[in-house]
Amino acid sequence: MTTPEAPRILVVGATGEVGRLATRELFDRGARLALTGRDKRRLAEMAARSGGPTRILDAYDLDACAGAGPWALSELGGLDGVLVTVGVAGFGPAAEVPDAAAEHLMTVNALCPMAVLRGAVPAVRDGGFLSAISGAIVIAPLTGTADYAASKAALACWLGVLAREVRRRRIAVVDARLRHLDTGFASRAIVGSPPPLQKGADPGPEVQALVDDLIGHLGDLAPRRTAVTPGQVGTTPARSH
Ligand SMILES: NC(=O)c1ccc[n+]([C@@H]2O[C@H](COP(=O)([O-])OP(=O)(O)OC[C@H]3O[C@@H](n4cnc5c(N)ncnc54)[C@H](OP(=O)(O)O)[C@@H]3O)[C@@H](O)[C@H]2O)c1
């Protein structure tokens, strides 16, 4: 059920595992959602549940990425927050990863979310949030992950600077440094095989905690859910940088 005060939120990459869970979580809390994805059928299925507007978006179309925030603002009549969950894995020794794969990783993991959030800065309201998922890998990158880790580190660095630049507008920039999750993400790598990894964590509680954090930044607009497992998410509010 939505109310006139329901937070209006754009989720970019809504058809991925984390995106799908975050979308469901936000919807359950009464948010009004604008969703983007690149799979028309899965996006339509999600829209049937959320009832909000959708848009096909490929990470390589940076102009379209930059237009997502203004589109959501126009569709929802306001924009309280943006969450970008787009990302792709790629592995291999730094000396062996093909340049085309390195470019792909940098585009999808860094340039796309940067373009979305850059374009969303003028669209999001003062006191709202801008968020993207980097990962715990930016703190402790493993061998065989140089190009993936570099793309996420670039995103994390950019978010840290953005956070300082929008602080005056009380916009929270949330760099979600999620740990390894059991979503099958690494198995969809565009190049190479992942280094030996422990079984990923259950994504449900992690995403719930992330959404709790994001909604919490909106103040009185929506209540925080209390049943969140504390300390399970590596969400870093970059505004403290
Ligand atoms: N799972 C983990 O262990 C983990 C840990 C830390 C951080 N993360 C980050 O969390 C985010 C979500 O990961 P996930 O586990 O939910 O994996 P996922 O299910 O594979 O989701 C990846 C998302 O990125 C989208 N995407 C990939 N390439 C794209 C492109 N060229 N254009 C547009 N969209 C594209 C996918 O779209 P489609 O739905 O069309 O495929 C999907 O929505 C990623 O940024 C990932 O780096 C994941």
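The model shown is predicted, which means the values in this text are computed figures rather than measured ones. In this chain, numbering begins with 1 at the start of the sequence shown.
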Give me the atom names and distance for the closest heavy-atom approach of Asp202 to Leu181. O-CD2, 4.5 Å

Work out which heavy atom in Asp147 is nearest to a heavy atom in Ala94; give both atom names and the distance. OD1-CA, 4.2 Å

For Pro203, is there any backbone N or O sitting under 3.5 Å from a side-chain donor or acceptor partner on Asp182? no

When rounded to the nearest 0.5 angstrom, what distance separates CG in Leu83 from CG in Leu10? 8.5 Å

Pair Arg29, Asp212 - check side-chain contact (heavy atoms from CB on, under 4.5 Å), show working. CA-CA 10 Å; Arg29 293 173 195 225; Asp212 195 48; 3.4 Å; yes

Would you find a donor on one side and an acceptor on the other, under 3.5 Å apart, between the side chain of Thr85 and the backbone of Gly13? yes

Interatomic distance, Cys65 atom SG to Met114 atom CE [nearest 0.5 angstrom]: 11.5 Å

May I ask you to check whether over 12 heavy atoms, not counting those of Arg20, lie within 6.0 Å of atom CZ? yes

Quick check for you: to the nearest 0.5 Å, what is the distance between Leu159 atom CG and Arg164 atom CZ? 12.5 Å

Between Leu79 and Gly69, the two heavy atoms sitting closest are CD2-O, 3.8 Å

With a 4.5 Å cut-off on side-chain heavy atoms, are Gln198 and His180 touching? no

Do side-chain atoms of Thr23 reach the backbone of Gly19 as a donor and acceptor pair under 3.5 angstrom? yes

Residue pair Arg188, Val88: steps toward the side-chain contact (heavy atoms from CB on, under 4.5 Å) verdict: CA-CA 7 Å; Arg188 292 186 281 281; Val88 72; over 6 Å; no

Close side-chain approach of Val121 to Leu162, heavy-atom, < 4.5 Å: yes

Donor-acceptor pair, distance only, cut-off 3.5 Å: does the side chain of Asp80 make one with the backbone of Gly128? no

Residue pair Arg125 / Leu218, side-chain heavy-atom distance below 4.5 Å: yes

How many angstroms lie between OG in Ser131 and CD1 in Ile9, if you round to the nearest 0.5 Å? 10.5 Å

Here the pair of heavy atoms bringing Ser151 nearest to Leu105 is CB-O, 3.6 Å

Just so I know, are the side chains of Val86 and Thr36 near enough to count as touching, which here means a heavy-atom distance under 4.5 Å? no

Are Leu155 and Leu62 co-members of a hydrophobic cluster defined by side-chain heavy atoms under 4.5 Å apart? yes

Distance (rounded to the nearest 0.5 Å) between Leu57 CG and Cys112 SG: 6.0 Å

How are the rings of Tyr148 and Phe185 set relative to one another: parallel (under 30°), tilted (30 to 60°) or perpendicular (over 60°)? tilted

Please confirm whether the backbone N or O of Gly77 pairs with a side-chain atom of Arg8, one donor and one acceptor, at under 3.5 Å? yes

Can you confirm whether Pro195 sits close enough to Thr145 that some side-chain heavy atom of one is under 4.5 Å from a side-chain heavy atom of the other? yes

Look up atom CE in Met106 and atom NE2 in His104, then write down how far apart they are to the nearest 0.5 Å. 12.5 Å

Using the rule given for side-chain contact (heavy atoms from CB on, under 4.5 Å), can you reason through Val191 versus Phe91, listing the C-alpha separation, both sets of side-chain angles and the distance that settles it, and then say yes or no? CA-CA 6 Å; Val191 64; Phe91 305 103; 5.8 Å; no

Set of residues satisfying side-chain contact (heavy atoms from CB on, under 4.5 Å) with respect to Thr15, sequence neighbours excluded: Arg42, Leu43, Met46

Closer than 4.0 angstrom, basic N to acidic O: yes or no for Lys152 and Asp175? no

Strictly distance-based, threshold 3.5 Å: is any side-chain N or O of Arg169 a donor or acceptor partner for the main-chain N or O of Val124? yes

Let me check something: do Ile133 and Leu142 share a hydrophobic cluster, defined by ILVMFWY side-chain heavy atoms less than 4.5 Å apart, either directly or through other members? no

side-chain contact (heavy atoms from CB on, under 4.5 Å), that's the test. Do Leu111 and Tyr60 meet it? Break it down for me. CA-CA 9 Å; Leu111 297 180; Tyr60 263 78; over 6 Å; no

For the student: nearest non-hydrogen atoms of Pro113 and Thr107, plus distance: CD-O, 4.5 Å

Stepwise salt bridge (Lys or Arg N to Asp or Glu O under 4.0 Å) check, Glu45 with Arg49: CA-CA 7 Å; Glu45 281 169 11; Arg49 246 177 297 152; 5.9 Å; no

Asp99, CG atom: more than 12 neighbouring heavy atoms under 6.0 Å: no

Do Leu21 and Leu33 belong together in a cluster built from hydrophobic side chains that touch within less than 4.5 Å? yes

Heavy atoms only: give me the nearest Trp71-Arg55 pair and the separation to one decimal. CB-NH1, 3.6 Å

